[in-house]
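Please read all numbers here as calculations on a predicted model, not as lab measurements. Just the heavy atoms: all of them, side chains too, but no hydrogens, waters or symmetry mates, feed the values below.
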Amino acid sequence: MARKNQKAPWEPEEEIIWVSKSEMKRDMEILQKLGVELVELSSSTLKKMPLSEDLLDAVKDAQRFKNEARRRQLQRIGKLMQYEDADQIQAALDKIRNKHAQNTKMQKKLKLLRERIAEEGDSAIEAVMTMYPEADRQRLRQLARQAAKEKQANKPPRAYREIFQVLRALQEAQE
């Protein structure tokens, strides 16, 4: 005969996970920091984020508030974040931050390509034509010659800058 306080062997045992109060506070602080990052975003970027209506309204309100009201609103955002998928929001924020890094990397790449065009001329333009088939070869040659003349005469590098603008326009058209 089984005792009253023992479970029957066929009933699955439930595992109870105890969470300390300090761990709950740490989790809430992490969510609040994520909320602060959301408040610092522009409204156009916020629209792209995977947020519920309530959280989006709370973030917009926090952007308007100052001092103590803002602090309380950030706490409210932290509480609302409990019901959101924080990992998905964090991934979207990381993607936004990475976009800036990618932009910087692309700028450096285009600057190096501009230098090659100004120094090497036709061979570098051929490389550009393979990367961007819709590029205007004649315009690039003309700008390369002008950049060389400007450099030789110690004039302001107008054509040099224009090469960069053309390359950036080609890159943006390709994206």
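Using a 4.5 Å heavy-atom cutoff, the side chains of Arg168 and Gln165 are in contact. In this structure, the side chains of Asp27 and Glu23 come closer than 4.5 Å at one or more pairs of heavy atoms. Between Met49 and Ile96 there is a side-chain heavy-atom pair separated by less than 4.5 Å. Taking 4.5 Å as the limit, some side-chain heavy atom of Gln82 sits within range of a side-chain heavy atom of Met28. Taking 4.5 Å as the limit, every side-chain heavy atom of Val128 sits out of range of all side-chain heavy atoms of Arg137.
A donor and an acceptor atom, one from each side chain of Asn103 and Gln107, are nowhere located under 3.5 Å apart.
Contact detail for Leu31 and Ala86: the closest heavy-atom pair is CD2-CB, 3.8 Å. Nearest heavy-atom pair, Leu46 versus Leu38, reported as atom, atom and distance to 0.1 Å: CD2-O, 3.6 Å. When all heavy atoms of Gln73 and Ala62 are compared, the closest pair comes out as CG-CB, 3.5 Å. Contact between Val39 and Val59 at its shortest, heavy atoms only, is CA-CG1, 3.9 Å. Across every non-hydrogen atom of Thr45 and Ser42, the tightest pair is OG1-OG, 2.8 Å.
Atom-to-atom distance recorded for Leu143:CG and Leu167:CG is 9.5 Å, nearest 0.5 angstrom. Rounding to the nearest 0.5 Å gives a distance of 7.5 Å between CG of Leu140 and CE of Met129. In this structure, CZ on Arg26 lies 8.5 Å from CD on Glu29, to the nearest 0.5 angstrom. A distance of 10.5 Å separates CD1 in Ile117 from CG in Asp122, rounded to the nearest 0.5 Å. With rounding to the nearest 0.5 Å, the separation of CZ in Arg76 from CG in Leu55 is 9.0 Å. Note that the CG atom of Asp54 and the CD1 atom of Ile77 stand 11.5 Å from one another [nearest 0.5 Å].
In terms of hydrophobic clustering, with Ile, Leu, Val, Met, Phe, Trp and Tyr side chains grouped at heavy-atom distances under 4.5 Å, Ile125 and Met131 are assigned to a common cluster.
Judged by distance alone, with hydrogens and angles left aside, the side-chain atoms of Gln63 form a donor-acceptor pair with the main-chain N or O of Leu41 at under 3.5 Å. Between the Glu84 side chain and the Leu51 main chain, no donor and acceptor come within less than 3.5 Å of each other. Checked by atom type and distance alone, the side chain of Gln90 never pairs as donor or acceptor with a backbone atom of Leu34 at under 3.5 Å. Between the side chain of Glu150 and the backbone N or O of Ala159, at least one donor-acceptor pair lies under 3.5 Å.
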side-chain contact (heavy atoms from CB on, under 4.5 Å) for Glu115 and Tyr160? Distances and angles first, verdict last.
CA-CA 8 Å; Glu115 288 175 17; Tyr160 190 71; 2.9 Å; yes

Please step through salt bridge (Lys or Arg N to Asp or Glu O under 4.0 Å) for the pair Glu68 and Arg71, ending with a clear verdict.
CA-CA 5 Å; Glu68 184 64 19; Arg71 185 191 65 77; 2.4 Å; yes

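Note on Asp61 versus Arg64: salt bridge recorded, some NZ/NE/NH1/NH2 to OD/OE distance being below 4.0 Å.
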